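I have placed the structure first, in the form of structure tokens, so that the comments after it can refer back to it.
Because the structure is a prediction, the values reported are computed rather than measured.
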Amino acid sequence: MTPDGASSDLPHGPAARRIDRAGLVIALALAALAAVLVWDASRLQSNTPYGMGSHAMPIVIAVGLGILSIGNLIDALRGNLPPRESADPRAVWLILAGLALLIAIIGLGGGFILATSALFVTTSAAFGRRALLADLAIALAMTTLIYLAFDRLLTLSLPAGPLERLL
């Protein structure tokens, strides 16, 4: 009963505060990933005279993962995490197939543009989009621009294949 005499539909006692086990596992996985990033960043050689080297960004990401881990842990212990939707196995398999294609195409010398385009098309199909040719055109245009930005503007090398050699 509430103070005004009405009955409450909210659960009381132990049922009101259920610990979310999956949320705990996710919090622990995020914390473990953050720890691995910090450990790996501490092993990087830094030859920069400015005080901030190649180890800085992994530590920033690890701090963000640590904050997410703490927040997730608190919500899991309080039982505040929202109910999870059921996973669509077809979508999961499409994304995994896209990742496998990405690895295979790069491994076989197909290059960044074709590999990333394959991942884009399979991921968009996993999210329910059925315009395969339009997605392929968008993917080829975007990945070509990304490749050119990395290669020409940032002078960073990405895996080169037949399309990249034409540019």
Side-chain angles (χ1 to χ4, degrees), residues 22-76 81-82 84-85 87-167:
L24 289 175
V25 170
I26 292 169
L28 291 173
L30 288 169
L33 184 58
V36 167
L37 280 174
V38 169
W39 173 76
D40 196 38
S42 69
R43 297 184 55 204
L44 290 174
Q45 297 283 333
S46 182
N47 298 330
T48 59
Y50 309 113
M52 186 181 294
S54 56
H55 65 281
M57 211 55 215
I59 290 175
V60 168
I61 293 170
V63 168
L65 286 171
I67 292 168
L68 284 174
S69 173
I70 292 167
N72 210 36
L73 178 65
I74 291 168
D75 278 345
L81 292 173
R84 284 167 282 288
E85 298 177 12
D88 179 11
R90 181 179 180 276
V92 173
W93 285 111
L94 275 169
I95 292 173
L96 289 175
L99 288 170
L101 278 171
L102 175 90
I103 293 167
I105 292 170
I106 288 176
L108 296 172
F112 174 82
I113 294 173
L114 289 178
T116 310
S117 294
L119 178 62
F120 181 91
V121 170
T122 56
T123 303
S124 64
F127 279 101
R129 190 161 153 86
R130 299 290 174 247
L132 184 67
L133 292 177
D135 288 343
L136 184 59
I138 292 167
L140 288 171
M142 283 178 40
T143 56
T144 301
L145 291 173
I146 292 168
Y147 178 81
L148 289 172
F150 271 81
D151 187 55
R152 304 282 156 71
L153 297 176
L154 300 174
T155 63
L156 296 173
S157 62
L158 292 173
L163 294 179
E164 291 83 2
R165 289 186 194 100
L166 293 174
L167 300 174

Show me the donor-acceptor pairs within less than 3.5 Å that the side chains of residues 89-104 make with the rest of the protein, sequence neighbours left out.
none

Tabulate below the donor-acceptor pairs under 3.5 Å that side-chain atoms of residues 139-150 make, not counting sequence neighbours, or state none.
from : atom 1 : to   : atom 2 : distance (Å)
T143 : OG1    : S117 : OG     : 3.1
T143 : OG1    : A139 : O      : 2.7
T143 : OG1    : L140 : O      : 3.4
T144 : OG1    : L140 : O      : 2.6

Show every donor-acceptor pair shorter than 3.5 Å between a side-chain atom in residues 26-39 and any protein atom, with sequence neighbours excluded, or say none if there are none.
none

- Can you list the residues that meet the salt bridge (charged side-chain N to carboxylate O under 4.0 Å, His left out) rule with R84, with sequence neighbours excluded?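 D20.
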
- Item | N/O donor-acceptor pair under 3.5 Å between D75 side chain and L81 backbone |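 Checking the backbone N and O of L81 against the side chain of D75, no donor-acceptor pair under 3.5 Å is found.
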
- Item | Donor-acceptor pair, side chain of S124 and main chain of F120, under 3.5 angstrom |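 Present.
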
- Message: With salt bridge (Lys or Arg N to Asp or Glu O under 4.0 Å) as the rule and sequence neighbours excluded, what pairs involving residues 118-143 come up?
- Response: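 Of all non-adjacent pairs touching residues 118-143, those that pass salt bridge (Lys or Arg N to Asp or Glu O under 4.0 Å) are R129-D135.
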
Expected list for residues 152-167: side-chain donor-acceptor pairs under 3.5 angstrom, two or more places apart:
from : atom 1 : to   : atom 2 : distance (Å)
R152 : NH2    : L167 : O      : 2.7
E164 : OE1    : G161 : N      : 2.7
E164 : OE2    : F112 : N      : 2.9
E164 : OE2    : I113 : N      : 2.6
R165 : NH1    : G161 : O      : 3.3

- Item | Point-to-point distance, once rounded to the nearest 0.5 Å, from CG of L132 to OG1 of T122 | 10.5 Å

- Message: For a quick test of reading the model, state the closest non-hydrogen atom pair linking A115 to I106 and the distance between them.
- Response: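 Where A115 meets I106 most closely, the heavy atoms are CB-CG1, 3.5 Å.
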
